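Working notes, beginning with the structure itself.
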Amino acid sequence: MQHLVSVLLTVLVTVVLSWCGPLQAAPAPILERLDHRRWLATDGGPSQVGAMAQTPDGFLWLGSNESLLRFDGLRFRRLPAGQGGAPGIVASVLAVDSALWVGMRSGGVRIVRGGVMRERINGPGAPGGMVFGLARDRAGAIWAAADDGLARHAAGRWERIGAGWGYANASARAVLGDRAGGLWVAGERRLFYLPPGARRLVDTGVGVDAVSQIAQAPDAAIWLTERHSGKLHRVVRDGARFTTASTRLTAPAISLLFDRAGSLWLGTAGHGLLHVARPGTLAALRTASAFTEREGLSSDFVWKLVEDGDGNLWAGTATGLDRFRPRILMPTTFPAGALNVALAPGADGSLWAGPANGPALRWQAGQVRQTGMPGPVNNALRDQDGTVWMAGPHGVWRARGATLERVAALPAAAGQDSAVRAMARDASGDLWVSINKVGLFRLHAGQWMPVPATSQRASQRMPVSALAAPDGWLWFGYRDGLLEARRGDQVRRWQGAEGLDIGHVTALAQHAGRLWVGGQHGLGYIDNGRFRRLPLPDGGLFDNLYAIVPAPAVDADGADLWLHTRSGIFQLKGAELARAAADPAHRIRHRSFDATAGLANDPHQVLPLPTAVRGSDGRLWFSTGAGVVTLDPASLPPEAPGPAVVVEAVSVDGVAVPSVGAAALEAGVRRISIDYTALSLAAPERLGFRYRLDGFDARWLDAGRARQAIYTGLGPGHYTFRVMALNHDGVASPREATFAFSIARPLYRHPLFLFAVGMLTLGALWMLSRRASRRAAMRMRDRLQERHRERERIARELHDTLLQGVNGLVLRFQAVAVTLPADAPARAQLERALLRADEVLVEGRDRVRDLRSGPLDAAELHEALTTLGMAMAHDAACEFSFVASGVARPLQSEILDDVYRIAHEAVVNACTHGEASLVRVEIVYRASVFALTITDDGRGIDQAWLGSAGRPDHWGLRGMRERAQRIGASLAIDSGAGTGTRIALTLAARLAYSRRRWRAPPRV
């Protein structure tokens, strides 16, 4: 990137390089303008990185003494053993399209494709010795410089380069394809050149020994380093002529690289990393600057240098991996030990700083001086008049020129070590000061005046943030979700009922008439008297907000918001804020500038405020745990494209499964773990992720910077995991990464299994119900049979005792009556008594006959009812009809009598009491029920008598109900005055019909 060049050119300090003597490169403060990070083996990184290349998918591949590793900027993944076993020690790598060619130290070349190591590329002419270097020419052929010679791979086969190509060396040490299409080969003792399209190498006449690397400068010159001698050569080709210049370095350069800005980087064996800005000749080496272990390099032995697609420089060393990238947040000249600094911009371009562990300072034009105020400093303020105020345990101080003068000590209620949490100066000039754990005070005319507490809660005794707005309102933010505004005697408050749901209110800012409120759980603004929360991504990035700084938008009208949080520094563009105001569902894009910008955690100090300010020159200043840093919003680099996101690994219940293609998982899966990543070698720690599982999640989930999703207890079905990444500029991935899988349905949840179980359950319930019904019917039959036997017994006893005895007495009295004269009064009386006795005997026999049995079967029932109806119709002068439908079935003998008695009572009542002109009896034989219905058109029954008690002193209806209940039948009586009567008896088939074999009579 051009930005990298401009940064390096402005910061690298020159030193004297002896032309033929030892290189005397002095350390330069490279990290002041470059961000450096290293990964050691103890940090989970690699060791002895001797080969590096970046593939088109963005991954950085590292060849180490252990294996081949893939790096996404945050995590290292060892390449698993593929065909042919583990890769072993890697000597060289070359990215070719979507594949990675790997030169082995043990000899031969292998290919990595699809993240899997393939077998060696063998065949006649294949290199068998250690492969020092690989290159690709313009025609697409791969060249391998190996210990046993030079080889070329084209059209799927190897070709050994020998005398026919003009190359008679037994080995080759390095190879390079230049930008013009030529090929450079370092042999054992000579440097060779192959012109574009030629089939014969040209001896350049340049003598070399053990060349470790060849590189081409922006001016097309070729630079070579010798591993053992320390020589550095520069070769210029002019047609068929080759001009050479050489020098010797104190420490041999093992690797060299010209970055895209034209600067030269040299990795040495023992003297760290050297940098030369745009060298045109070897003389430029005198301006080299060094970066060594003393400045933080992982090792002074640098084996390999690579520049990635984003312009980051990577150095593989003897103990790890180093990365250099241009800084956006530039360090300042404040003391390195200044901790948790409260900031206030001066009107003259200066910056006032109050450290929590030292005296107040003033920065101007790169110079930092003390101001006279002792530390610690807790709070800083620039009021609307441009005056700077600072406060701490030593009182309140005000700027006078380039120094601070004390205005007042803290109130008497404040302790010796009391800290100032917030300050604001109102329109009348009074200073409002919040003192930790004491309360809010107003400094008026040099006197402290306590302000009554706004809440009885101990956590809301004093505000933790304050702001004086241009319209005269004073705003105070409290812990536990309380915002208060004061102007004169007016006081307004916002809490949960007004929508304030961000926890502690820790930051306040006003711009363009809108008050912005930041807190423990996000950001929002006051709109029409209510708090409106801004729809920021989840994941904790915008939690614990320290400061809000409005700044004019560079590329548009309006203002951007700069946020300083525990998780970093973020920019919210004005256009995004406007869209969010118009559409609450809009997901705001943001730019992230530092993932480690949080303040140092000091449990004995309060948070210094403010932690971020905008200077009079437009620069932004931030107080971080690493010191005070600054950036210029007008010179930000352009937004980077969205990162490519991939699903790296999937494990199911601890067992790895392929992450490519659809996976069919067995039933009973308990835990699915999906590892994903995005490729950002420049700022991987500032990537954000969102994912969802189709078939389970109802919406996208913000994962923050987490790179793993875990699902437990998923049911059977088809699922698709989708993940996308957002880079530090808020730009989303151009494509989602997906992983589709299905979970088999267990047998006990299969529809056929559930259907079978349901049917079995229903069958079992039906059998149980049938069994219960049979038992109930058997109990009912037993009771009826017992009643029938009891009636038979009573009938026999009545016949054998009472009736026979009465009959004998009648005969005796008859004999006596015969002996009396015919005209004797006593005889006439006795004969009348005998006639009455005969009637009693007849009635008794009828009763005994009734007790002994009713109708014996259905035919007799039909006949009995017909006979009864005809007789009653004759006596009452009404019409009678009898109808039987369905196939007549034998009825239980125990119920025949009760059925007949109920019908008898109904017919008699209709004819004698109901004054009916038409009586109809209907019997229906159904498979499920036996039904008896008696209807008439008589005068009906009073509704008051239709209850269970019936008519007082009458037993007809009551007896009918009792008989029906006794046999388990349902009796319904429907009647009304003048509307006739309908009596329906319904009896379940299992209770009504006999189970003995029956030959059905003809349908009636």
Side-chain angles (χ1 to χ4, degrees), residues 339-344 352-357 360 373 375-383 388-398 407-426 430-443 448-455 457-469 474-486 493 502-509 517-520 544-548 564-566 598-613 623:
L339 178 69
N340 288 0
V341 182
L343 304 174
W352 299 75
N357 60 343
M373 177 183 176
V377 180
N378 308 129
N379 202 265
L381 167 69
R382 177 182 172 180
D383 63 22
V388 173
W389 301 74
M390 286 192 167
H394 296 286
V396 178
W397 299 63
R398 179 175 54 194
V407 175
L410 296 184
Q416 182 177 0
D417 297 325
S418 293
V420 175
R421 299 301 301 263
M423 291 192 300
R425 192 175 183 214
D426 63 21
D430 289 353
L431 188 68
W432 297 65
V433 179
S434 171
I435 300 178
N436 192 45
K437 298 182 180 180
V438 179
L440 180 62
F441 295 83
R442 181 165 61 95
L443 183 61
W448 288 108
M449 304 177 63
V451 178
T454 190
S455 170
R457 300 178 64 175
S459 62
Q460 296 174 344
R461 183 179 302 169
M462 75 291 167
V464 295
S465 57
L467 172 71
L474 290 178
W475 295 86
F476 298 99
Y478 291 81
R479 296 171 63 87
D480 296 330
L482 173 61
L483 177 66
E484 182 180 76
R486 292 174 176 265
R493 294 183 178 88
I502 58 173
H504 310 330
V505 179
T506 56
L508 300 169
V517 184
Q520 186 182 13
N544 294 335
L545 206 151
Y546 301 148
I548 308 170
H564 186 200
T565 78
R566 180 182 61 184
L599 296 176
N601 184 16
D602 186 351
H604 303 290
Q605 298 288 342
V606 299
L607 180 70
L609 291 177
T611 64
V613 294
S623 173

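Just so we're clear, the structure is a prediction, and the values are computed from it rather than from any experiment.
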Indicate the atoms forming the closest heavy-atom contact of Ser465 with Val505, along with that distance.
OG-O, 3.0 Å
On a heavy-atom basis, the closest approach of Tyr478 and Pro463 is CE2-N, 3.3 Å
Taking Ser434 for the side chain and Met462 for the main chain, is one N or O donor matched with an acceptor at less than 3.5 Å?
no
Give the minimum heavy-atom separation between Leu339 and Asn357, together with the two atoms involved.
N-OD1, 3.0 Å
Tell me which one of Arg461, Gln460, Glu484 satisfies side chain to side chain donor-acceptor pair (under 3.5 Å) with Ser455.
Gln460
Got a donor-acceptor contact below 3.5 angstrom from the Ser623 side chain to the Thr611 backbone?
no
Side chains of His504 and Asp480: does their closest heavy-atom pair fall under 4.5 Å?
yes
May I ask you to decide if Arg442's main-chain N or O and Asp430's side chain share a donor-acceptor pair within less than 3.5 Å?
no
Indicate yes or no: at least one non-hydrogen side-chain atom of Asn436 is less than 4.5 angstrom from one of Ser418.
no
Nearest heavy-atom neighbours spanning Ala413 and Phe441
CB-CZ, 4.2 Å
Run the side-chain hydrogen bond (donor to acceptor under 3.5 Å, both in side chains) check on Thr565 and Asn544 step by step: do they pass?
CA-CA 6 Å; Thr565 78; Asn544 294 335; over 6 Å; no
Taking all non-hydrogen atoms of both residues into account, name the closest pair between Met390 and Ala342 and its distance.
CE-O, 4.3 Å
Between Leu482 and Thr454, is the side-chain contact (heavy atoms from CB on, under 4.5 Å) condition met? List the steps.
CA-CA 10 Å; Leu482 173 61; Thr454 190; 3.6 Å; yes
Nearest heavy atoms of Ala466 and Ala424, plus distance in Å
CB-CB, 4.0 Å
Are the side chains of Trp432 and Arg486 in contact, using a 4.5 Å heavy-atom criterion?
yes
Enter the distance from Leu440:CG to Arg421:CZ here, rounded to the nearest 0.5 Å.
13.0 Å
N/O donor-acceptor pair under 3.5 Å between Asn379 side chain and Leu609 backbone:
yes
Non-hydrogen side-chain atoms of Val517 and Ile548 separated by less than 4.5 Å
no
Got Pro355 and Pro376 here, is their nearest side-chain heavy-atom distance under 4.5 Å?
no
Could you check whether any side-chain heavy atom of Trp389 comes within less than 4.5 Å of a side-chain heavy atom of Val407, counting everything from C-beta outward?
yes
A side-chain contact here means heavy atoms from C-beta on lying under 4.5 Å apart; do Val396 and Trp448 qualify?
yes
Look up atom CZ in Arg425 and atom CG in Leu443, then write down how far apart they are to the nearest 0.5 Å.
9.5 Å
Parallel, tilted or perpendicular: ring planes of Tyr546 versus His564, cut at 30 and 60 degrees
perpendicular
Less than 4.5 Å apart, any side-chain heavy atom of Ile435 and any of Pro411?
yes
If I take atom CG from residue Leu508 and atom CG from residue Leu474, how far apart are they, to the nearest 0.5 angstrom?
11.0 Å
Give a yes or no on whether the backbone of Leu545 and the side-chain of Thr506 come within a donor-acceptor separation of less than 3.5 Å.
yes
